[in-house]
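In this chain, numbering begins with 1 at the start of the sequence shown. Fair warning: this is a prediction, and the values are worked out from it, not measured in the lab.
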Amino acid sequence: MSGALEPRLIGELLALFVHDLRNPLSALSSNVRFVEQSCATRDADVAEALRDSSAACVGIAHFAENLNLFARVLAEGRGRTATRLCIDTVVATAVRRMVAIASSHRVELSLEGTAGEREGHAFAESELFALLVTNLIRNGIEHAPAETTVVVAIQRDEHEGTVSVIDGGPPLDVGLLERAFTAEGQLVAKGLAAGRYGRGLGLYAARLAADAVGARLRAETTPDGRSRLALAVPLVA
């Protein structure tokens, strides 16, 4: 048998793995929701355990979505279909879906810049763009100190819309700014005790998704010392 597998084959194997992972996860999530709805318990510990279980299911589902993204990239990204979408709607939906996750981390989410005079529209694959935004929000939640607020903001000019996720966690070391969005950078950060982006490959998945939808992704520090991830998306009429 030959040595290394071709990237395309690895992608197809990853896609099968994601499919097999989603089946039991769907049953688990359904059972957790059923218990939450039917078990009117006053036991605070039981209620907390159910909330944590529900949040864990959401986290595993998100992990599966990122794996599926890697699978698609390795399998040469077949099957992509771009459509005209409203970035305001995608971002607002992602924030609503992440409220429970934020609560489990004792963090609040604040959405700014939507419902303005003009909505921003982009041409991209909706599921891929939603995954990209979700990865950025999740990263902010995971690295924000407890009892603080993660701000998700949208700004627009004539040609571009910018989605920002700002949190109060320790800023990324300047030397790792560019490498934060690469697989190699993730491996480097994982070996650092204080590595801000040392957990998971969410930012790497975000970088792949951004490249796929023609957006630009950058990490920076705000003037008041907070960490900011900014996603710049070309707007269409």
Side-chain angles (χ1 to χ4, degrees), residues 17-70 88-115 126-154 163-170 186 190 194-206 209 226-229 231:
F17 176 78
V18 171
H19 179 270
D20 290 344
L21 176 63
R22 282 174 170 166
N23 286 333
L25 177 60
S26 177
L28 178 60
S29 299
S30 296
N31 286 332
V32 170
R33 285 195 300 270
F34 172 76
V35 173
E36 281 183 309
Q37 294 169 2
S38 61
C39 182
T41 178
R42 295 185 179 181
D43 190 309
D45 290 336
V46 172
E48 182 179 2
L50 287 172
R51 286 194 300 269
D52 289 347
S53 296
S54 181
C57 288
V58 173
I60 296 173
H62 182 69
F63 170 73
E65 290 172 355
N66 279 335
L67 276 184
N68 195 50
L69 170 60
F70 299 144
D88 298 68
T89 300
V90 173
V91 172
T93 299
V95 169
R96 285 197 302 270
R97 290 177 175 173
M98 296 299 291
V99 168
I101 299 297
S103 179
S104 70
H105 284 76
R106 294 189 296 153
V107 169
E108 291 188 2
L109 285 179
S110 173
L111 178 60
E112 300 178 358
T114 59
S126 58
E127 289 186 4
L128 197 59
F129 189 76
L131 176 60
L132 167 55
V133 172
T134 300
N135 269 317
L136 299 183
I137 297 173
R138 178 177 285 274
N139 181 82
I141 291 171
E142 290 179 347
H143 295 93
E147 313 301 338
T148 62
T149 299
V150 174
V151 177
V152 182
I154 302 176
V163 180
S164 299
V165 179
I166 304 169
D167 70 77
Q186 286 289 341
K190 202 170 185 63
R196 174 172 151 69
Y197 298 119
R199 293 184 296 171
L201 288 172
L203 288 184
Y204 180 44
R226 292 182 296 168
S227 179
R228 178 176 183 256
L229 297 179
L231 174 68

Quick check: does any side chain N or O of Ser104 sit under 3.5 Å from a backbone N or O of Ile101, one acting as donor and the other as acceptor? yes
Measuring from Arg33:CZ to Ser54:OG, what's the distance to the nearest 0.5 Å? 7.5 Å
Spacing of CD1 belonging to Ile137 relative to CG belonging to Asp167, to within rounding of 0.5 Å: 12.0 Å
What one should report as the nearest heavy-atom pair of Ser164 and Arg228 is OG-NH2, 2.7 Å
Closest heavy-atom pair and its distance - Asp88, Gly113: OD2-O, 4.0 Å
Could you measure the distance from the CG atom of Leu131 to the CZ atom of Arg138? Nearest 0.5 Å is fine. 10.5 Å
Any Leu109 side-chain heavy atom under 4.5 Å of Ile141 side chain: yes
Ser103 side chain vs Val99 backbone, donor-acceptor pair below 3.5 Å: no
Nearest non-hydrogen partners of Leu25 and Cys57, listed with the distance: CD1-O, 3.9 Å
If you measure from CD on Glu142 to NE2 on His105, what distance do you get to the nearest 0.5 Å? 5.0 Å
Sorted by chain and number, sequence neighbours left out, side chain to side chain donor-acceptor pair (under 3.5 Å) with Arg22 holds for none
Between Thr134 and Arg97, is any pair of side-chain heavy atoms under 4.5 Å apart? no
Can you tell me how far the CG atom of Asn135 sits from the OH atom of Tyr204, to the nearest 0.5 Å? 13.0 Å
Between Val165 and Asn139, is there a side-chain heavy-atom distance shorter than 4.5 Å? no
Residue pair Leu21 / Ala64: nearest heavy atoms and the distance that separates them: CD2-CB, 3.8 Å
Short side-chain donor-acceptor distance under 3.5 Å, Thr93 and Arg96: yes
Can you name the nearest heavy-atom pair linking Leu136 to Ala206, along with the distance? CD2-CB, 4.0 Å
Got more than 12 heavy atoms from elsewhere within 6.0 Å of CD, Glu108? no
Do the side chain of Asn31 and the main chain of Ala27 share a donor and acceptor less than 3.5 angstrom apart? yes
Could you give the distance from NE2 (His19) to CG (Leu67), rounded to the nearest 0.5 Å? 14.5 Å
Which atoms form the tightest heavy-atom contact between Ala94 and Val133, and what is the distance? CB-CG1, 3.9 Å
Kindly indicate whether the side chain of Val151, heavy atoms from C-beta on, has any atom under 4.5 Å from the side chain of Arg226. yes
